[in-house]
Amino acid sequence: MKIFVRVAERGSFTQAAADLGLPKASASNAVQRLEALLGTRLLHRTTRRVEPSQDGLAFLERCRDTLDAFDELQSMFRDDERQLRGRLRVDMPTTAARAFVLPHLPEFLAAHPGIELELSCADRRVDLVREGFDCVLRVGVLEDVDNLVARPLGRYDIGTFASPAYLAARGEPRTPAELDGHRMVHYAQNFGGTPDGFEYVDAAGVHVLPLAGALTVNNTDSYQAACVAGLGLIQAPVAGMRHLVDAGLVKEILLDHRAEPMPVSLLYASRRHLPRRVRVFMDWLAECGEWNAGT
């Protein structure tokens with residue numbers, strides 16, 4: 001089962017075998033024997049990728065539950081959390097990883113040397129169940145979270161930032177009414193849509209101003225780099241921009257007209273038995289992050 005799960009998650013016999021320290025032929029033979037035992041095809045194999053069949057998807061979820069339950073049984077009589085073992089697969093935005101998690105991660109891994117952490121920092125929305133993630137950290141309004149459990153952590157304050165060169169060339173706006181003639185770097189997970197525009201909050205509520213821009217990116221690092229390069233204003237989590245502000249590469253402007261804060265949530269599958277290593281990690285993550293961080 002463990003071999004089948006890893007092949008299904010990695011989409012490759014070669015990569016799964018490397019992860020498990022097995023010859024590729026051994027991984028392939030093990031899955032073939034499992035399919036013969038169950039009397040159904042679990043994986044569709046092509047020259048480019050391996051994907052679970054419909055029966056394989058159903059079996060994959062049961063396998064994960066079974067393997068997690070077995071790990072739980074192995075550790076149920078151990079009081080020492082240093083005995084926690086197994087792999088954790090987690091996804092979160094680059095900003096959260098860089099600003100909050102990675103600086104404190106050595107402490108967590110030193111306290112739990114039996115845990116192997118796979119940390120994804122994808123700007124796309126990963127499929128938690130299909131891709132085998134134990135939990136994901138999401139920033140923003142939650143969508144498409146059926147059959148998932150959401151644990152609120154707090155909020156990100158969102159500020160407006162520009163480089164000194166940009167402000168020298170175009171002037172520093174003091175109010176949203178002074179944004180005429182300015183431009184934004186737009187951020188979009190999927191190209192082709194209408195840019196979100198400039199958002200701000202006042203006593204009357206949330207407002208969005210259309211603002212032109214010559215560049216749209218779909219990656220957090222590119223978004224920040226474009227701002228540093230003077231290509232336009234960006235609106236981003238304040239905590240994630242702190243290192244650039246401290247270095248003098250960007251400046252926060254319009255402090256009295258910040259956008260609406262964005263919620264931060266942990267998502268995980270609604271399984272009956274959540275492995276203890278996952279619970280411990282999520283509790284640690286909730287504590288280590290300044291999820292209500294402002295300036």
Side-chain angles (χ1 to χ4, degrees), residues 5-6 9-10 15 18-21 64 67-68 71-72 74-75 78-129 131-140 142 148-157 219-225 236-247 249 262-269 271 274-295:
V5 169
R6 186 54 65 94
E9 291 175 350
R10 298 287 272 171
Q15 293 180 23
D19 289 348
L20 298 171
R64 286 173 176 153
L67 291 171
D68 286 341
D71 285 343
E72 192 82 359
Q74 285 185 305
S75 61
R78 298 171 181 164
D79 295 328
D80 186 359
E81 287 190 348
R82 291 179 61 86
Q83 298 300 315
L84 292 177
R85 295 189 173 278
R87 187 201 63 180
L88 277 171
R89 179 175 289 182
V90 181
D91 178 79
M92 65 183 62
T94 302
T95 296
R98 179 174 55 222
F100 301 137
V101 178
L102 290 173
H104 302 290
L105 193 57
E107 303 164 16
F108 177 82
L109 294 178
H112 308 287
I115 287 181
E116 300 174 11
L117 180 63
E118 294 181 354
L119 180 60
S120 164
C121 293
D123 279 318
R124 66 181 179 86
R125 290 291 177 91
V126 301
D127 187 323
L128 186 148
V129 175
E131 298 181 56
F133 285 95
D134 293 294
C135 62
V136 300
L137 185 74
R138 286 192 180 168
V139 178
L142 297 177
L148 299 178
V149 178
R151 177 177 174 177
L153 295 184
R155 304 185 306 171
Y156 267 154
D157 285 340
N219 175 277
T220 301
D221 288 336
S222 298
Y223 192 50
Q224 294 183 352
V238 174
M241 297 293 291
R242 192 176 296 149
H243 66 297
L244 297 176
V245 173
D246 291 344
L249 297 174
M262 298 179 71
V264 182
S265 309
L266 262 177
L267 295 179
Y268 56 96
R271 300 177 186 172
L274 192 67
R276 188 157 66 102
R277 65 181 182 276
V278 179
R279 295 197 305 269
V280 169
F281 178 78
M282 290 196 302
D283 289 343
W284 172 81
L285 193 60
E287 292 296 325
C288 83
E290 303 170 41
W291 308 119
N292 289 298
T295 57

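Contact detail for Ala286 and Leu153: the closest heavy-atom pair is CB-CD2, 3.7 Å. Nearest heavy atom pair, residue Pro103 against residue Ala99, reads CG-O, 3.9 Å. Smallest separation of non-hydrogen atoms from Gly240 and Thr95: CA-CG2, 3.2 Å. For the pair Ala97 and Cys121, the tightest heavy-atom approach, listed with the atom from each and the gap, is CB-SG, 3.6 Å.
Residues that satisfy the side-chain contact (heavy atoms from CB on, under 4.5 Å) test with Leu105, not counting sequence neighbours, are Leu102, Phe108, Leu109, Leu117, Trp284. In this structure Ser120 satisfies the side-chain hydrogen bond (donor to acceptor under 3.5 Å, both in side chains) test together with Asp91, sequence neighbours excluded. In terms of the side-chain contact (heavy atoms from CB on, under 4.5 Å) criterion, residue partners of Ala150 (sequence neighbours excluded) are, by chain and number, Leu142, Leu267. With sequence neighbours left out, Asp283 forms a side-chain hydrogen bond (donor to acceptor under 3.5 Å, both in side chains) with Arg151. In this structure Thr220 satisfies the side-chain hydrogen bond (donor to acceptor under 3.5 Å, both in side chains) test together with Asp123, sequence neighbours excluded. The side-chain contact (heavy atoms from CB on, under 4.5 Å) search around Pro93 returns Ala96, Leu137, Val139, not counting sequence neighbours.
Taken from CG in Leu84 to CZ in Arg277, the straight-line distance is 9.0 Å, to the nearest 0.5 Å. One finds the CG atom of Leu88 at 9.5 Å from the CE atom of Met282 (value rounded to the nearest 0.5 Å). Note that CG of Leu20 and CZ of Arg10 are 9.5 Å apart. Values are rounded to the nearest 0.5 Å.
Each of Leu148, Val90, Val126 was compared with Val136 under the side chain to side chain contact (heavy atoms under 4.5 Å, CB included) criterion, and only Val126 meets it.
A donor-acceptor distance shorter than 3.5 angstrom exists from the side chain of Asp134 to the backbone of Arg89, with no hydrogens or angles considered.
Annotation: salt bridge (Lys or Arg N to Asp or Glu O under 4.0 Å) contacts involving residues 96-117, sequence neighbours excluded, comprise Arg98-Asp221.
Counting heavy atoms from C-beta outward, His243 and Gln224 have side chains that approach closer than 4.5 Å.
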